[in-house]
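Read the structure below first, then the notes.
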Amino acid sequence: QVQLVESGGGLVQPRGSLRLSCVASGLTFSIYGMRWYRQAPGKERELIASITSPGGITNYADSVKGRFTISRDNAKNTAYLQMDSLKPEDTAVYYCNAVHLYRREYNYWGQGTQVTVSS
């Protein structure tokens, strides 16, 4: 059974930092691209960062470029999202997503972790 478990969310002040983790189990992590999405109240889910495997090529939404960094550790079956210079508009539930390199129908989601940026 495939599981993605996010952690690391919480309450942080503006201009602060958080690091989210997504631990995967039940799949061959190295052949899955990893993505982070977020969904704010009343808004659609937004793709904010992705990283390929192999190669580790990254892409970011304009809203987070230069502030967020996605990475992965295939030995630990874990993807990360380092979030710096956080703004109140970054407040959302953050989800990780795993997509098989060749079979896009193998697509899995975590349960989400809440990030709240407020003073």
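Since the model is a prediction, treat every value here as computed from it, not as a measurement. One-based numbering along the sequence shown.
There is a path of hydrophobic side-chain contacts, each under 4.5 Å, that joins F29 to I70. Linking ILVMFWY side-chain heavy atoms closer than 4.5 Å, directly or via other members, places L27 and M34 in a single hydrophobic cluster. Under the 4.5 Å side-chain heavy-atom criterion for grouping Ile, Leu, Val, Met, Phe, Trp and Tyr, I48 is not connected to Y37 through any hydrophobic cluster. V93 and L18 are members of different hydrophobic clusters when ILVMFWY side chains are connected at heavy-atom separations under 4.5 Å.
Remark: R72 is not positioned above the aromatic ring of Y80, lacking an NZ or CZ atom under 6.0 angstrom from the ring centre and at most 45 degrees off the axis. A cation-pi arrangement is present between R45 and W109 under the rule of less than 6.0 angstrom and at most 45 degrees off the ring axis.
When the shell of 6.0 Å around CD of E89 is examined, it contains more than 12 heavy atoms from other residues, nucleotides or ligands.
Distance alone, capped at 3.5 Å, is enough to place a donor-acceptor pair between the R67 side chain and the S63 backbone. Side-chain N or O atoms of Q82 include none that pairs as donor or acceptor with a backbone N or O of R19 at under 3.5 Å.
Ion pair R15/D84 not flagged as a salt bridge, since none of the NZ, NE, NH1 or NH2 atoms sits closer than 4.0 Å to an Asp/Glu carboxylate oxygen. Under a 4.0 Å N-O distance rule, the pair D62/K65 qualifies as a salt bridge.
Ring geometry for Y106 versus H100: interplanar angle over 60°, hence perpendicular rather than tilted (30 to 60°).
When only modelled atom types and interatomic distance are considered, Q114 and T91 share no side-chain donor-acceptor pair under 3.5 Å.
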Just do the side chain to side chain contact (heavy atoms under 4.5 Å, CB included) check on R38 and V64 with the steps written out, would you?
-> CA-CA 11 Å; R38 69 184 181 187; V64 306; 3.9 Å; yes
Can you list the steps and then say if Q1 with S25 is a side chain to side chain donor-acceptor pair (under 3.5 Å)?
-> CA-CA 8 Å; Q1 182 179 357; S25 59; over 6 Å; no
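For the atom pair CG of N107 and CG of N97, the computed distance is 4.5 Å after rounding to the nearest 0.5 Å.
Aromatic ring centroids of F68 and W36 lie 6.0 Å or more apart.
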